[in-house]
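Below, each value reflects all heavy atoms present in this structure, side chains not excepted, and no hydrogens, waters or symmetry copies. Numbering of ligands and ligand atoms starts at 1, following listing order. Keep in mind the model is a prediction, meaning the values are calculated, not measured.
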Amino acid sequence: MRIVFLGPPGAGKGTQAKILAKELNIPHISTGDLLRQNVSENTDLGKQAKDFMNKGLLVPDELIRQMLIQRFAKPDVKSGFILDGYPRNLNQAETLDDILSRLKMDTDLVIDLKTSESVIIQRLSGRLVCSRCGYNFHLTNMPPKREMTCDACGGKLYQRSDDKEETIKKRLAVYAAESAGLIKHYQDKNKLYALSADEDPKVVLKKMLQLVEKRNDSLKV
Ligand code: AMP
């Protein structure tokens, strides 16, 4: 199953996508994670992307397109994938259709995670990320057992430089401006399903699995 996750920054796309990818045993591809890896390794792409990311702006489409083509060249995507953080505008959605059709693939299901702005700001301004395994914690909602240390792997936790209130608001404004065309694109293709991200992650997982099953059944017909 090839799944795309939509939703504003802080809707929990990364967390839910990781859980669902593990459950379905398919790779989780996050363009934000791929970009942060490039920034930390100081690659050419990372150097070009860094300033846009720190300002909460989108990295130019062409840079992300190249990065994605490289990722889709890996054999693990043959079993399916969950794409998180891409597409973020109509141009990227059309690019994705093009990349996939060249690989004789198509998007099967698009999950649109919905949540309110106040929940997002509370979530992101307290988010802590493990520098080693990428696992997320929260200063008050889900604090680690040991201060700034990952419960899962012992790695050091950090706050993302774009998780400041000012930058979060900028990222939300960018999402609002760019997402309408994107949502219509997938609505027109009958692939879009909205889910509330404000429920317990176990409940969200159950609903996502029901969607996957329903979609699988309709693809068989
Ligand atoms: P995320 O981890 O998805 O919140 O992404 C963090 C930042 O990476 C975003 O604020 C953008 O600057 C950049 N980014 C991630 N995915 C994309 C994309 N599909 N297009 C452009 N920029 C992106």
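- Counting only heavy atoms of the protein, atom 22 (N) of ligand 1 lies nearest to Val59 N, 3.0 Å.
- By heavy-atom distance, the residue among Lys13, Arg88, Met53 lying nearest atom 3 (O) of ligand 1 is Arg88.
- The shortest N or O to N or O distance between Leu57 and ligand 1 is under 3.5 Å.
- Between Lys189 and Asp97 there is a salt bridge, with a side-chain nitrogen of the basic residue lying less than 4.0 Å from a carboxylate oxygen of the acidic one.
- Between Pro9 and ligand 1, no N or O atom pair is found at a separation short of 3.5 Å.
- Contacts between Leu58 and ligand 1 below 4.0 angstrom, taking non-hydrogen atoms only, involve backbone and side chain alike.
- Separating the CZ atom in Arg2 from the CG atom in Leu83 is a distance of 12.5 Å, to the nearest 0.5 Å.
- Selection from Arg160, Glu178, Arg171 by nearest heavy atom to atom 10 (O) of ligand 1 gives Arg171.
- In this structure, Lys55 does not count as a contact residue of ligand 1, since none of its heavy atoms falls inside 4.0 Å of the ligand.
- Taking both residues in full, the closest heavy atoms of Met67 and Thr31 are given as CE-O, 3.7 Å, listed atom of the first, atom of the second, then distance.
- Contacts between Lys50 and ligand 1, counted as non-hydrogen atom pairs separated by less than 4.0 Å, are absent for every part of the residue.
- In this structure, a donor-acceptor pair under 3.5 Å is absent between the side chains of Thr167 and Asp162.
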For this session: Apply salt bridge (charged side-chain N to carboxylate O under 4.0 Å, His left out) to the pair Lys191 and Asp112, showing each step before the final yes or no.
Result: CA-CA 10 Å; Lys191 291 185 176 171; Asp112 183 17; over 6 Å; no
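- Asp84 and Gln16 share no side-chain donor-acceptor pair at under 3.5 Å.
- Taking CE of Met53 as the start and CZ of Arg171 as the end, the distance is 9.0 Å to the nearest 0.5 Å.
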Exercise. What's the verdict on side-chain hydrogen bond (donor to acceptor under 3.5 Å, both in side chains) for Gln66 and Glu62, showing C-alpha distance, side-chain angles and the deciding distance?
Worked result: CA-CA 6 Å; Gln66 295 297 342; Glu62 182 53 25; 2.7 Å; yes
For this session: Starting from the C-alpha separation in whole Å, work towards a yes-or-no answer on salt bridge (charged side-chain N to carboxylate O under 4.0 Å, His left out) for Glu166 and Lys170.
Result: CA-CA 6 Å; Glu166 273 304 286; Lys170 179 75 203 167; over 6 Å; no
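- Residue Gly32 approaches ligand 1 through these ligand atoms, each under 4.0 Å from one of its heavy atoms: 2 (O), 5 (O), 15 (C).
- Some N or O of Gly85 is nearer than 3.5 Å to an N or O of ligand 1, by distance alone.
- In terms of polar-atom proximity, Gln92 is counted as a contact of ligand 1, with an N or O under 3.5 Å from an N or O of the ligand.
- For ligand 1 and Thr31, the ligand atoms under 4.0 Å from any heavy atom of the residue are 15 (C), 16 (N), 17 (C), 19 (N).
- Contacts of Asp84 with ligand 1, taken as heavy-atom pairs under 4.0 Å, are absent altogether.
- Atom 13 (C) of ligand 1 has as its closest protein heavy atom Leu35 CD1, 3.5 Å.
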